[in-house]
Protein chains: 2
Amino acid sequence: MERPADDLTARARIRDAAIRLFGERGIEGASIRDIAAEAGVSSGLVRHHFGSKESLREACDRYAKERMLQIGAELTQDHDLSGLDPLALHPVAFPLQLYIVRSMMDGSETATALFLEGVDAVEEWTTSYGINPKDRRGYAAALAAIKLSVFVFRDQVSKALGEDITTAAGYNRIGQALMEVFTIPLLTQEQVDNMRNQEK
Amino acid sequence: MERPADDLTARARIRDAAIRLFGERGIEGASIRDIAAEAGVSSGLVRHHFGSKESLREACDRYAKERMLQIGAELTQDHDLSGLDPLALHPVAFPLQLYIVRSMMDGSETATALFLEGVDAVEEWTTSYGINPKDRRGYAAALAAIKLSVFVFRDQVSKALGEDITTAAGYNRIGQALMEVFTIPLLTQEQVDNMRNQEK
DNA sequence: GGCTTGACTACACGATCGTGTAGTAGTTTG
DNA sequence: CAAACTACTACACGATCGTGTAGTCAAGCC
């Protein structure tokens, strides 16, 4: 695929613009003409390079997935809590995360596959760290969804905090808060069991 | 506003269809013609009753908010853990939640206000339950986002579990799993502090 | 009876969308 | 040098969108 050295070409600019606009406005909300304007090219060139809007989306999916795995690999070298540290560093990852989340919601197979791989990773992580929930798969799926939640509701969270979480400062703040959720047990296992029986 | 007795009118059917389609496909993804067809009326009638698509959306916002608060009030009578029990019962609430989440993501003020009210509620709840995070506001915002995350990623979670979480059974399963996240501390406060220093 | 009013439909409008076609400029290749 | 190829633009197409207009039909009121 493209090497980083080629990353100033029109094709790369179009792809980056697509990831940014798709992520912000959703797939349907960003037109090819918008993307072309954002990239500073004609709309025909988008078609020339990517064929169709759907193909452009698939190309963005592949690129975003590749980059995220790349960034994830870098993080695991630095930290040992990578499975739980979704918000660590790398502001580069933010637009990628936004795009992937949007792509998931619009039913992309590649993005969904990335989610499933994340669930698998969390599942293995719980095993190796001696965490034994009653429903390990469900637990892993819930954690995977939680990891992405602040990206989805970035505007709402920013408004609640009075601080833009897309900036480095706000990014760290909500990241810390999310970590804190995992440090304070809010319920005992007994309470959960009671609730389960109650609902049945 | 409308009483439940009037709820079989064409106006109510349009509103329900709009909430369902908006929730599933997003605001831009559901056209007025689609909604009209789903409600079994002409597209002109949608305009007759609601004026414009934006007005229809606002009407849906108001109705969904009202209904959710209503359902929330009923839940607090039955349970005492309502602040943490987003998935309890009421399958009626599911399409409403989906709609509200979509409306939030598309920048609705009413839906965002509902989120902020939720953050306030969680914040008060932590205080009264003696939970004292370092960043109470951030903690509450993170919890509020988490509460909604499984709705956003319902398709992905369902695929990961091999079980449709829009059904009662899957609904309960992921709900229990989400509860378990709050019972098992994954990190110590010390670890979080170390991470914070490391990132600064 | 006539007359208003509200629910409802059919149809046409301009705008915007994704896509298709034709063509230009510059580089490469034989 | 000519042919071929690539990057790129301009423009036109059909479809679909939200919206506007005109009109039908039935119920209620004078």
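Proteins get letters first, then strands, A, B, ... in listed order; numbering begins at 1 in each. These values consider heavy atoms only, across backbone and side chains, with no hydrogens, waters or symmetry-generated copies.
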Seminar exercise, completed: note: A:Phe50, atom CZ; C:dG18, atom P; distance rounded to Å ~ 15 Å

Problem set entry | Sequence neighbours excluded, every pair satisfying salt bridge (Lys or Arg N to Asp or Glu O under 4.0 Å) that has a member inside residues 98-108 of chain B | A:Arg102-B:Asp106, A:Asp106-B:Arg102

For this session: Whole angstrom is fine here: how far is it from NE2 in B:His49 over to C1' in C:dT5?
Result: 14 Å

Please list, for nucleotides 11-17 of chain C, all pairs of protein and nucleotide N/O atoms separated by less than 3.5 Å.
none

For this session: Using whole Å, report how far CD1 of A:Ile35 lies from C1' of C:dT19.
Result: 14 Å

Exercise. Salt bridge (Lys or Arg N to Asp or Glu O under 4.0 Å): which pairs involve residues 148-167 of chain B, sequence neighbours left out?
Worked result: B:Glu163-B:Arg173

Exercise. Side-chain N or O of B:His48 less than 4.0 angstrom from OP1 or OP2 on C:dA7?
Worked result: yes

Exercise. DNA chain D: B:Glu54 or A:Ala10, which has the more 5' nearest nucleotide?
Worked result: A:Ala10

For this session: Provide, to the nearest angstrom, the distance between the CG atom belonging to B:Leu45 and the P atom belonging to C:dT9.
Result: 5 Å

Exercise. Can any side-chain N or O of B:Ser158 pair as donor or acceptor with the backbone N or O of B:Ile165 at less than 3.5 Å?
Worked result: yes

For this session: Could I get the full list of side-chain hydrogen bond (donor to acceptor under 3.5 Å, both in side chains) partners for A:Tyr99, not counting sequence neighbours?
Result: A:Asp61

Exercise. Going by the salt bridge (Lys or Arg N to Asp or Glu O under 4.0 Å) test, which pairs reach into residues 114-126 of chain B, not counting sequence neighbours?
Worked result: B:Lys65-B:Glu117, B:Asp120-B:Arg137, B:Glu123-B:Arg137

Seminar exercise, completed: Residues pairing under salt bridge (Lys or Arg N to Asp or Glu O under 4.0 Å) where one sits in residues 25-40 of chain B, two or more places apart or in two chains, turn out to be B:Arg20-B:Glu38, B:Arg25-B:Asp34

